[in-house]
Amino acid sequence: MKNKLFAGVLAGLVATVVLSLLMVMKGMMSVMPGLDVVKMLAAMMGAGLAVGWAAHFMIGIAYGIVLSWVENLRPGNATVKGMTLGTLGWLVMMVAVMPMTGSGMFGLNMGVMAPVATLMLHLFFGAVLGFTYQKLSK
């Protein structure tokens with residue numbers, strides 16, 4: 001695929017779908033029920049779940065766009081670059097978004113597993129993002 005921006009958008013969409021499936025499975029297994037990012041986004045915007053889901057997907061696609069812009073800045077594996085972006089996104093979530101939702105810095109009001117679980121999800125998202133982008137941008 002020659003258009004790297006389109007590859008980024010598509011990779012962001014794919015990675016967000018995969019992440020969303022993991023989030024839904026986490027919810028179905030009642031693992032950390034208080035950690036529902038879509039509900040948090042919806043509440044922050046004073047909107048319903050549909051808007052929360054839309055925001056979730058827009059953020060995921062934005063990651064793909066950013067990856068398409070930065071992936072040529074340094075040599076290296078796109079999967080690692082995606083995981084780096086995921087880690088940066090996690091850090092922003094921990095120091096900005098979590099406190100705004102009342103979950104405290106790093107979400108520690110929800111317990112010590114909140115930052116660990118969200119880091120794992122962000123790393124997995126980043127790996128899928130980078131891998132997919134690398135395959136699509138060739």
Side-chain angles (χ1 to χ4, degrees):
M1 181 178 291
K2 298 289 185 211
N3 188 333
K4 293 189 181 266
L5 180 61
F6 184 70
V9 168
L10 199 51
L13 181 61
V14 168
T16 305
V17 167
V18 171
L19 175 64
S20 298
L21 291 172
L22 287 173
M23 290 168 41
V24 168
M25 288 189 310
K26 177 190 82 62
M28 291 171 67
M29 294 185 301
S30 296
V31 174
M32 299 196 68
L35 182 59
D36 187 330
V37 175
V38 172
K39 281 184 182 175
M40 287 178 172
L41 287 170
M44 283 175 55
M45 294 183 287
L49 284 179
V51 174
W53 276 107
H56 169 68
F57 272 87
M58 288 190 303
I59 291 166
I61 290 169
Y63 273 94
I65 292 170
V66 170
L67 181 59
S68 75
W69 292 340
V70 302
E71 71 93 20
N72 284 325
L73 295 179
R74 297 182 58 108
N77 184 296
T79 302
V80 173
K81 291 176 185 180
M83 292 173 76
T84 302
L85 277 177
T87 302
L88 291 172
W90 170 81
L91 188 57
V92 169
M93 181 180 177
M94 293 297 108
V95 299
V97 177
M98 287 297 204
M100 283 192 290
T101 65
S103 301
M105 190 71 83
F106 286 86
L108 289 173
N109 291 352
M110 290 187 280
V112 74
M113 281 306 297
V116 174
T118 54
L119 177 60
M120 294 301 108
L121 288 171
H122 277 82
L123 286 170
F124 189 77
F125 167 83
V128 173
L129 176 71
F131 178 82
T132 305
Y133 177 80
Q134 188 169 8
K135 295 297 179 190
L136 292 174
S137 64
K138 289 185 177 188

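Residues take their numbers from the sequence shown, with the count starting at 1.
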>> M94 and side-chain contact (heavy atoms from CB on, under 4.5 Å): which single residue from L108, T118, L119 fits?
In response: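 Only one option passes, and that is T118.
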
Any link between [X] and [Y] through a network of hydrophobic side chains (Ile, Leu, Val, Met, Phe, Trp, Tyr) touching at under 4.5 Å?
X	Y	value
L19	V51	yes
V116	M93	yes
L85	L123	yes
L49	L22	yes
V92	M44	no

Atom [atom1] in [X], atom [atom2] in [Y]: separation rounded to 0.5 Å?
X	Y	atom1	atom2	result
L136	F131	CG	CZ	9.5 Å
F125	M23	CZ	CE	11.0 Å
L67	L5	CG	CG	11.0 Å
L13	S20	CG	OG	9.0 Å
K4	I65	NZ	CD1	15.5 Å
M113	M120	CE	CE	8.5 Å

> Considering residues, nucleotides and ligands other than F57, do more than 12 of their heavy atoms fall under 6.0 Å from its CZ?
Replying inline: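 Enclosed.
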
Mind listing the closest non-hydrogen atom pair of [X] and [Y] along with its distance?
X	Y	answer
G8	S68	CA-CB, 4.2 Å
M45	A55	CE-CB, 3.5 Å
A127	M83	N-CG, 3.5 Å
G52	L41	O-CD1, 3.8 Å
M40	S103	CE-OG, 3.6 Å
Y63	W90	OH-N, 4.4 Å

> So, do L91 and F106 sit near enough that their side-chain heavy atoms are less than 4.5 Å apart?
Replying inline: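 In short, these two side chains touch, coming nearer than 4.5 Å.
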
>> Can you confirm whether M110 sits close enough to M98 that some side-chain heavy atom of one is under 4.5 Å from a side-chain heavy atom of the other?
In response: yes

> So, the side chain of K81 versus the backbone of V70: is there a donor-acceptor pair under 3.5 Å, distance only?
Replying inline: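 No; judged by distance alone, with no hydrogens or angles, the pair does not exist.
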
> Is K26 reaching over with its side chain to a backbone N or O of L35, donor-acceptor style, under 3.5 angstrom?
Replying inline: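 Flag set: sc K26 to bb L35 pair under 3.5 Å.
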
